[in-house]
Protein chains: 2
Amino acid sequence: MTGTLPPQDDSLRAARERFVALWGQMGSTWGIPRTMAQVHALLFVRGEAMNTDEVMEGLGISRGNASMTLRRLVDWGIVSRVHRRGDRKEYFLAEQDVWKMFRTILAQRKKREIEPLLDALADCRLDRTTGRKRKVDQASAAIESHNDRLQDLLVAMRAIDSICDRFSGPGGKGLEIAVKLLDRAS
Amino acid sequence: MTGTLPPQDDSLRAARERFVALWGQMGSTWGIPRTMAQVHALLFVRGEAMNTDEVMEGLGISRGNASMTLRRLVDWGIVSRVHRRGDRKEYFLAEQDVWKMFRTILAQRKKREIEPLLDALADCRLDRTTGRKRKVDQASAAIESHNDRLQDLLVAMRAIDSICDRFSGPGGKGLEIAVKLLDRAS
DNA sequence: GGGTTGTTTCAGAAATATTTGAAAATCGCC
DNA sequence: GGCGATTTTCAAATATTTCTGAAACAACCC
């Protein structure tokens, strides 16, 4: 129970706050709502399950916001719901294994953002069959180079997509292994 | 000169617009201002140098916005300034090598966002020397586990940082090589 | 069923981030 | 060293995202 700390431990409180602020800011740089990153940071840095009220209190946010945000974190899979016997409230616990956490985040962002992009990107290419026949050479050259460019991009994105696969699993230790592998390779 | 196309080539125009919109949206998901991503997309998909007015016209944005955004892209290093003899205007050309482009983006984000984070993260740890002596065991345990958690996170982030190094250079082909390497490894 | 506790939803409010546009600065040239 | 052309800057306006709070909903217990 870290909830009530000796008064001399303002330093711990302060350090936690610094971390929450830092993580929140980093999140918003990478397109994650500041509050979502902060809630995650709070749960992570405390290392114990907290209920909605404690999160609200700890960050000074509204119930609605806390509820939505916690749900989102659970959906992502980096926070889990926990129940305590004899308590009707729901508690939330952040994944404590940081490698697992990063793998999960990577997998989620791949699934939600990269995969759909691949399809959409493919649809930005054109087939050359539109114009009737000759005389459209200039246009047809433009179309060809357009397609080439998009094809290059698509190939690269597919490669990145498959890097994400390697890193994020499925064998549990993806990211860690990749780190070692890449460190070894000159 | 793709500027003026035969009328039947609305399909090319449309495909370009689709790509610009797509890339813009993807950018904003990853924390890059939509317009910045759109300007980049426009330059990339055209494959030729454009001046500020053409960009403004092409995306329907203001001069100020175009100017700021183009500068930012040049600062990032994925767009370069080009001058045409006999023309006082500045032209802008997007990097056409997609691998090089991704490497540059990665290197930039690492430098701007990950590196500073490492330092800040280190500052979220506490030294145990604060409390007087005994009697603070409970608090001291809390501090210790706080430090452990942050240490884990820091170690992981450092590893990610060094993955970025591998990928983004320095030998020119970082990302491409990494892709192959990881694909080979079972 | 009705009372109590806890959770979710969502329209409007607030906070943030982005964009505009016009003035100021810079540049190249004569 | 002054002039038109071009680029940059930045305060104010706008757009977008995020947050609030109160009402609706759900679960549990008696």
Side-chain angles (χ1 to χ4, degrees), chain A residues 20-43 49-76 79-93 109 112-113, chain B residues 20-43 49-76 79-93 109 112-113:
Chain A
V20 166
L22 179 66
W23 205 240
Q25 160 155 358
M26 207 228 26
S28 70
T29 303
W30 287 86
I32 283 123
R34 193 193 310 281
T35 302
M36 180 166 162
Q38 286 178 341
V39 170
H40 175 245
L42 181 62
L43 292 172
M50 297 173 75
N51 63 37
T52 308
D53 295 86
E54 289 167 343
V55 170
M56 287 166 60
E57 156 73 16
L59 295 175
I61 62 175
S62 72
R63 183 172 303 283
N65 193 3
S67 170
M68 291 287 234
T69 300
L70 285 165
R71 162 120 84 107
R72 224 125 105 59
L73 289 167
V74 170
D75 285 348
W76 270 55
V79 163
S80 49
R81 292 180 199 268
V82 172
H83 294 280
R84 287 184 179 169
R85 43 184 297 102
D87 190 342
R88 277 228 264 126
K89 285 201 185 72
E90 281 190 306
Y91 286 76
F92 297 88
L93 181 66
R109 296 206 82 161
R112 294 165 191 238
E113 291 146 23
Chain B
V20 166
L22 180 66
W23 204 240
Q25 160 156 358
M26 208 227 29
S28 71
T29 303
W30 288 85
I32 282 124
R34 193 193 309 282
T35 302
M36 181 167 160
Q38 286 178 340
V39 170
H40 175 244
L42 181 62
L43 291 172
M50 297 172 74
N51 63 36
T52 308
D53 294 271
E54 289 165 344
V55 171
M56 288 167 59
E57 155 73 15
L59 294 175
I61 62 175
S62 71
R63 181 172 304 283
N65 194 1
S67 169
M68 290 287 234
T69 299
L70 285 165
R71 162 123 79 117
R72 223 126 104 61
L73 288 167
V74 170
D75 286 347
W76 272 55
V79 163
S80 49
R81 291 179 200 269
V82 172
H83 294 279
R84 287 186 179 168
R85 45 184 292 104
D87 190 341
R88 278 233 259 129
K89 285 201 186 71
E90 280 190 306
Y91 285 74
F92 297 88
L93 180 66
R109 296 206 81 163
R112 293 165 192 236
E113 291 147 22

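So you know, we letter chains A, B, ... as the sequences are listed, proteins then strands, and number each from 1.
When distances are taken from the side chain of B:S67 to each of D:dT9, C:dT19, C:dT9, the shortest belongs to D:dT9. The side chain of B:R81 sits closest to D:dT8 out of D:dG21, D:dT8, C:dT18. Listed nucleotides D:dA27, C:dG28, C:dT19 differ in distance to A:R88; the shortest reach to its side chain belongs to D:dA27.
The separation between B:D53 atom CG and D:dT7 atom C1' is 11 Å, rounded to whole Å. Following rounding to the nearest Å, A:D87 (CG) and C:dT7 (P) show an atom-to-atom distance of 9 Å. Here the C1' atom of nucleotide D:dT6 and the CE atom of B:M56 are 12 Å apart, to the nearest Å. Between the CE atom of B:M68 and the P atom of D:dT9 there is a distance of 7 Å, given to the nearest Å. A:K89 places its NZ atom 17 Å from the C1' atom of C:dT8, with the value rounded to the nearest Å. Look at CG on A:N65: it is 12 Å from C1' on C:dA14, rounded to the nearest Å. As rounded to whole Å, 14 Å separates atom C1' of C:dA17 from atom CD of A:Q25. Between the CZ atom of A:R71 and the C1' atom of C:dC10 there is a distance of 12 Å, given to the nearest Å.
Between D:dT8 and B:R72, no contact under 4.0 Å exists linking OP1 or OP2 to a side-chain N or O.
Along DNA chain C, the nucleotide nearest to B:M36 and the one nearest to A:T52 differ in position, and the one closer to the 5' end is contacted by A:T52.
Base engagement by B:R63 is indicated by at least one non-hydrogen atom pair under 4.0 Å involving a base atom.
The structure places CE of B:M36 at 10.0 Å from CG of B:L70, a figure rounded to the nearest 0.5 Å. In this structure, CG on B:L22 lies 10.5 Å from CD on B:Q38, to the nearest 0.5 angstrom. Once rounded to the nearest 0.5 Å, the distance linking NE2 of A:H40 with CD1 of A:I32 reads 10.0 Å. Distance CG/A:N51 to CD/A:E54: 4.0 Å, rounded to 0.5 Å.
Between B:W30 and A:W30, the angle of the ring planes goes over 60°, which puts this pair in the perpendicular group of the 30/60° scheme.
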